[in-house]
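Here's the structure we're looking at; comments come further down.
Just the heavy atoms: all of them, side chains too, but no hydrogens, waters or symmetry mates, feed the values below. Counting starts at 1 for both ligands and their atoms, following the listed order. By convention here, the first residue in the shown sequence is residue 1.
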Amino acid sequence: MLIVGNWKMNGSIAMASDFLGWFTGHWHGSRGVDIGLCPPLVYISQFEQTLRGSTIKVGGQNIATELEGPFTGEVSSRMLKDLGCQMVLIGHSERRVNFRENNDIVAEKYRRAYAADLTPILCVGETSDHRNAGSTLDVISEQIYAVKNLVGEHALCAGVIAYEPVWAIGSGVAASPKQAQEVHLSIRDLLGPRGKHTQIIYGGSLNRDNAKALFTEQDIDGGLVGGASLHAEHFLEIIRQAEFA
Ligand code: PGA
């Protein structure tokens, strides 16, 4: 199982310090659960320094398609690696929608992450319009195939896939375990034979109350946690649910 916290554009130095203090004081290792935390870029060093030597991985929320040069405001895969990051979110729906990242851009970012030895967490998912129109799997297969066509099955399956229905993100209403399992299974089929062992995690209003039922499903290998990851206690409770799944 894998549980990753995505702080999005939230927090402060003080909040990060409180979170890390509480978390490191209460978390005493997890059986069978890998943990990742993706704070805003400016707090990554603070996280990395506090968590260094533990098994908790620190990650970024985005990278540039380029490695260096005249790209004001951008940060590259190599720079995240330099900071001690081990993973990075790729193609989160907030980037796809608000920053117009299309499937080609997302695939290029995936390629950069993989080449820099960062584990890419590829986010895919449908909007409510897509779901209502019955095109959930069409949308997700386009998102997956754009990456697969560029980097190949081996690199795709070496990463992590996060199924995040756009309608569930930040809405307070997660997909039902049955809805999520159905899509996770289809994603596993899309990955190909190597995808048997690829971690496919669920995200979208995941919290300490609904985590257990979701994690019990066969093809749900953990979670990408937004809002609930800002509360150290909630985040730890979600990790505990994964331990017992
Ligand atoms: P949420 O966000 O848990 O706040 O719904 C999840 C995500 O967008 O990764």
For [X], counting its heavy atoms only, list the atoms of ligand 1 lying under 4.0 Å from any of them.
| X | value |
| --- | --- |
| Leu224 | 9 (O) |
| Gly227 | 1 (P), 3 (O), 4 (O) |
| His92 | 7 (C), 8 (O), 9 (O) |
| Asn6 | 9 (O) |

Would you check whether Gly204 reaches within less than 4.0 Å of ligand 1, judged by its heavy atoms? yes

Touching ligand 1 at all, Ser205? Heavy atoms, strictly under 4.0 Å? yes

Common cluster, Ile121/Phe47, ILVMFWY with side-chain heavy-atom separation under 4.5 Å: no

So, Asn103 versus Gln143: side-chain donor-acceptor pair below 3.5 Å or not? no

Do the rings of Trp27 and Phe23 sit parallel, tilted or perpendicular, given the 30° and 60° boundaries? parallel

Hey, can you tell me if Phe19 and Phe235 have their rings parallel, tilted or perpendicular (30° and 60° cut-offs)? tilted

Considering residues, nucleotides and ligands other than Lys212, do more than 12 of their heavy atoms fall under 6.0 Å from its NZ? no

among protein heavy atoms, the one nearest atom 2 (O) of ligand 1 is Lys8 NZ, 3.1 Å

Which protein heavy atom lies closest to atom 7 (C) of ligand 1, and at what distance to 0.1 Å? Glu164 OE2, 3.1 Å

Step-by-step salt bridge (charged side-chain N to carboxylate O under 4.0 Å, His left out) determination, Arg240 to Glu243: CA-CA 5 Å; Arg240 297 284 177 241; Glu243 282 175 0; 2.9 Å; yes

Are the side chains of Glu126 and Ser135 in touch, meaning some heavy atoms are under 4.5 Å apart? no

Min over Gly226, Ala168, Gly170 of heavy-atom distance to atom 5 (O) of ligand 1 lands on Gly170

